[in-house]
Amino acid sequence: MAGIAVMAAACGSGKTGDSGSGAGLVLGTTDKIFSLDPALAYDNGSLQAETQIYQTLLNFAPGKTTPEPDAAEKCGFTTPTVYSCTMKPGLKFANGNPLTAASVKFSFDRILKINDPNGPASLLGNLDHTDAPDPKTVNFTLKVANDQTFASMLPSQAGIIVDEKSFPADKVLPDEDVVKTNAFSGPYTISSYEKNKLVEYKANPGYDGLFGKPKNNGVSVKYYAEAANLKLDVQNGNIDIAYRSLSPTDVDSLRNDGKVTVHEGPGGELRYIVFNMNTMPGGTPAQKLAVRKAVASSVDRDALATGVYKGTYKPAYSSVVPGATGATEPYKDIYGAKPNKDAAAKFLSDAGVAAPVTLNLQYNSDHYGGSSSEEYAAIKNQLESTGLFKVNLQSTEWVSYQDERVKDSYPLYQFGWFPDFPDADNYLTPFFAPNNTLQNHFEDPRINALLTAETTEPDPAKRADILKQVQFSLANDHLPMLPLLAGTNIAVAGKNVQGVSDTLDPTFKFRFGVLSK
C-alpha cells in the first residue's frame with residue numbers, strides 16, 4: 001500500500017524551540033512504533049520511544065557497554081541463582097504512583113504471563129520467578145546459576161518497569177491508553193501522540209535515573225513513509241536530526257553537504273533471512289536442510305554490501321556480528337565467501353530435491369529502510385541466476401508483517417536485529433533458544449545445552465570456545481536463519497545540533513536527553 005510522502009508535515013510539527021540551551025528538537029525517522037506496551041514491543045522503532053519514557057533497574061550510559069544503576073541503587077548476585085537489586089527510594093511514575101520493587105515484580109511477571117510472540121519474553125528464558133519481599137528489594141531467582149548475561153538483559157525491552165496500577169496483568173494495553181495513564185518514569189513523558197505520524201516528548205521533571213536531566217526541553221518525532229523525504233527535510237533544515245533509515249545513496253550524498261553532519265557510531269545491526277522450519281520447501285527435514293544449504297551457497301553478500309548498500313553494511317558470515325566477543329565466520333568456512341553453484345546443486349541432488357525449487361520469500365517494505373526492495377530484488381536475481389530456484393518475492397508493511405510472520409504465513413522472510421545488549425549471547429539465545437523471537441519452529445537440545453554453557457561460563461577463553469561451537473553447529477547442522485549483512489549506526493543532523501555522536505553506540509539506545517542545539 002502506497003504511503004503518504006511526509007507524515008504530519010504540517011500539523012504544528014515544526015521546530016519546537018529556537019537554538020540555544022534547552023531548545024526543543026525535531027527528529028525524523030522511517031522506523032515505526034509497533035507498541036508502547038513493553039509486553040508487546042520488541043523492535044527498534046518501539047525501543048526508541050521506550051528509551052525515553054520508561055526506566056529499567058540498570059541501563060547503559062551513553063557510550064558505555066557495562067550496565068549501571070538506573071532505577072536501582074545497586075544490583076548483584078547474592079547466591080549463584082539469586083540476582084538481587086535494591087531500589088532507589090522515593091521513585092514515582094509521572095502520574096504520581098510509586099515505583100517500587102512491587103512494580104518491578106509486576107512488570108517481569110506480566111511479560112512472562114502475556115508471553116506475546118512479538119514481545120521480549122524470550123529474553124527471560126533463564127528467569128524462574130521474581131520476588132519483592134519489601135518495597136526496596138527485588139530478587140530474581142534464575143533457573144541456571146551464574147548467568148553472565150542477566151545484568152546486561154535488565155536494560156533491555158524485557159526489563160522495562162511499568163506501573164502496576166495502570167497496566168493490566170494479563171493483556172496488552174493499547175497505545176492510546178498507555179499515553180492516558182501517564183505512567184512514565186523515564187527522562188520524558190509523552191505530551192502528544194499520533195501513532196507513527198507525530199509524537200511529542202516533554203522533559204520529565206520527576207525523573208531520577210542514570211541519564212540525568214535532559215539537555216533539551218522536549219523532542220518531537222516525525223514519521224516518514226519515504227526515506228527520500230526524510231533526507232530532504234534534514235537537508236533543508238526542516239528537522240534537526242534524521243535517524244533511521246536513510247538510503248545508502250542518500251548518506252553518501254549528505255557526506256558532501258556542508259549544511260549537515262553525518263554521524264557514525266559502532267554497529268551491531270544484523271540483516272538476515274529466516275527459514276520457517278515447517279512451511280519452507282522440502283518433503284523431509286533432510287530435504288529442507290538441503291534447500292537451506294543450497295540457498296546459503298548461492299547468495300553473494302559482497303555484492304549486496306557494495307552494490308546495494310555502498311559500504312554502509314559489511315558481509316556477515318555468522319549470526320554473531322563481526323567484532324563481537326567470540327564471533328567467528330562459519331558460513332564463509334562452510335559455504336564460501338562467494339556463490340558456489342556446483343555446491344548448491346549437489347546439496348539439492350544429494351537430498352533428492354528437484355530443481356528449480358520454488359521459494360516464497362517475503363520482505364518488509366518500510367521497517368528496514370528504503371533499500372530493502374533493492375536488496376531483495378538482488379537476492380532474487382542471485383538465487384534465480386543459478387537455475388536452481390524460482391523466487392516469488394512479496395512485500396508487506398511492518399505492522400501486518402509482525403503479525404503474519406508468527407502465524408506461519410511466510411516460508412522465508414527478511415528480518416533484522418538490533419542488539420538488546422552488547423554481548424555475543426544476544427545474537428544467539430534470542431534466536432535459537434526455546435521460545436525464541438524468530439518463532440520459526442527451531443529448537444535443538446544440543447544447541448540449548450551449548451547456550452546454557454556459554455551463558456554461565458565465567459572464563460572468557462572457555463566461553464569464546466563454546467561460542468565458536470554454537471556458531472559452527474548452527475551453520476553446518478541446522479541453518480535456521482541465513483545471516484547476510486552487518487550494519488553501522490548512522491544519524492544525520494544539522495550543524496548546530498550537539499550530542500548526536502554521544503548516543504550512537506552498540507546498545508542501539510538513541511537517547512534524546514543528550515541532544516541540544
Side-chain angles (χ1 to χ4, degrees), residues 2-8 26-34 41-49 51 196-197 199 221-235 238-255 257 260-272 304-305 307-314 316 321 363-379 395-399 401-402 413-419 484-493 500-501 503-510 512:
I4 300 171
V6 179
M7 298 291 203
V26 182
L27 181 144
T29 185
T30 61
D31 270 351
K32 300 292 191 292
I33 295 173
F34 188 65
Y42 198 18
D43 63 286
N44 203 51
S46 301
L47 174 63
Q48 185 186 98
T51 298
N196 295 328
K197 293 183 179 180
V199 180
V221 179
K222 292 172 60 176
Y223 292 83
Y224 290 77
E226 302 291 340
N229 292 296
L230 176 62
K231 178 207 173 188
L232 286 174
D233 267 7
V234 74
Q235 196 170 28
N238 296 325
I239 62 174
D240 297 299
I241 305 159
Y243 180 66
R244 297 197 45 80
S245 291
L246 294 166
S247 75
T249 303
D250 287 344
V251 171
D252 263 358
S253 69
L254 289 170
R255 293 187 199 280
D257 189 319
V260 298
T261 300
V262 177
H263 300 267
E264 289 191 52
E269 179 186 354
L270 183 72
R271 300 175 79 98
Y272 53 97
L304 297 175
V308 177
Y309 287 104
K310 315 300 181 188
T312 57
Y313 285 80
K314 304 296 181 186
V321 296
Y363 74 95
N364 174 253
S365 54
D366 61 325
H367 186 66
Y368 296 112
S371 295
S372 289
S373 296
E374 187 180 353
E375 177 186 354
Y376 275 77
I379 291 170
S395 68
T396 307
E397 292 187 348
W398 181 245
V399 174
Y401 196 87
Q402 276 282 66
Y413 66 90
Q414 173 199 26
F415 222 40
W417 185 252
F418 309 94
L484 297 173
L485 299 164
T488 55
N489 207 354
I490 295 174
V492 179
V500 177
S501 293
T503 191
L504 296 178
D505 59 43
T507 68
F508 258 93
K509 285 179 178 277
F510 197 86
F512 294 169

In sequence, state the C-alpha distance, the side-chain angles, and the governing distance for T29 and Q48, and then conclude on side-chain hydrogen bond (donor to acceptor under 3.5 Å, both in side chains). CA-CA 10 Å; T29 185; Q48 185 186 98; 4.6 Å; no
side-chain contact (heavy atoms from CB on, under 4.5 Å) between K32 and V399, worked out: CA-CA 8 Å; K32 300 292 191 292; V399 174; 5.5 Å; no
Y309 backbone acceptor or donor facing T312 side chain under 3.5 Å: yes
Counting distance only, does the side-chain N/O of S247 pair as donor-acceptor with the main-chain N or O of D250 below 3.5 Å? yes
Which heavy atom of L304 sits nearest to which heavy atom of A378, and what is that distance? CD2-CB, 3.7 Å
Does the side chain of L504 reach to within under 4.5 Å of the side chain of F510, using non-hydrogen atoms? yes
For residues A491 and I241, report the shortest heavy-atom separation together with the two atoms involved. CB-CG2, 4.5 Å
Please answer whether the main-chain N or O of N238 pairs with a side-chain N or O of D233 as donor and acceptor at a distance below 3.5 Å. no
Kindly indicate whether the side chain of R255, heavy atoms from C-beta on, has any atom under 4.5 Å from the side chain of E264. yes
Atom of Y376, atom of Y363 and distance for their closest heavy-atom approach: CG-CB, 3.8 Å
Apply the test side-chain contact (heavy atoms from CB on, under 4.5 Å) to residues I239 and Y224: give CA-CA distance (whole Å), side-chain angles for both, the deciding distance (0.1 Å), then the verdict. CA-CA 12 Å; I239 62 174; Y224 290 77; 3.4 Å; yes
Residues D252, K310: salt bridge by 4.0 Å N-O rule: no
Taking the inter-plane angle between the rings of Y401 and Y413 on a 0 to 90° scale, is it parallel (under 30°), tilted (30 to 60°) or perpendicular (over 60°)? perpendicular
Please confirm whether the backbone N or O of S395 pairs with a side-chain atom of N364, one donor and one acceptor, at under 3.5 Å? no
Whether T30 side chain and S245 backbone form a donor-acceptor pair below 3.5 Å: yes
Whether Y368 and F415 hold their rings parallel, tilted or perpendicular, with breakpoints at 30° and 60°: perpendicular
Checking D43 against Q402 for the side-chain hydrogen bond (donor to acceptor under 3.5 Å, both in side chains) test, could you report, in this order, the C-alpha distance in whole Å, the side-chain angles of both residues, the deciding distance, and whether it holds? CA-CA 10 Å; D43 63 286; Q402 276 282 66; 4.9 Å; no
W417 side, atom CH2; Y42 side, atom OH - distance, nearest 0.5 Å: 3.0 Å
For D366 and T396 the tightest heavy-atom approach is OD1-O, 4.3 Å
Could you go through the side-chain hydrogen bond (donor to acceptor under 3.5 Å, both in side chains) check for R271 and Y313 one step at a time? CA-CA 9 Å; R271 300 175 79 98; Y313 285 80; 3.3 Å; yes
Nearest heavy-atom approach of R244 to D31 is NE-OD2, 2.9 Å
Can you tell me if D240 uses its side chain to pair, donor with acceptor, with the backbone of V26 under 3.5 Å? yes
With a 3.5 Å distance limit and no angle check, can you tell me whether Y243 reaches the backbone of V500 through a side-chain donor-acceptor pair? no
Donor-acceptor contact present, side-chain T51 to main-chain L47, <3.5 Å: yes
Closest non-hydrogen atom pair between L484 and E375, with its separation: CD1-OE2, 4.0 Å
Residue pair L246 / I490, side-chain heavy-atom distance below 4.5 Å: no
The reported gap from CG in L230 to CD in Q235 (rounded to nearest 0.5 angstrom) is 11.0 Å
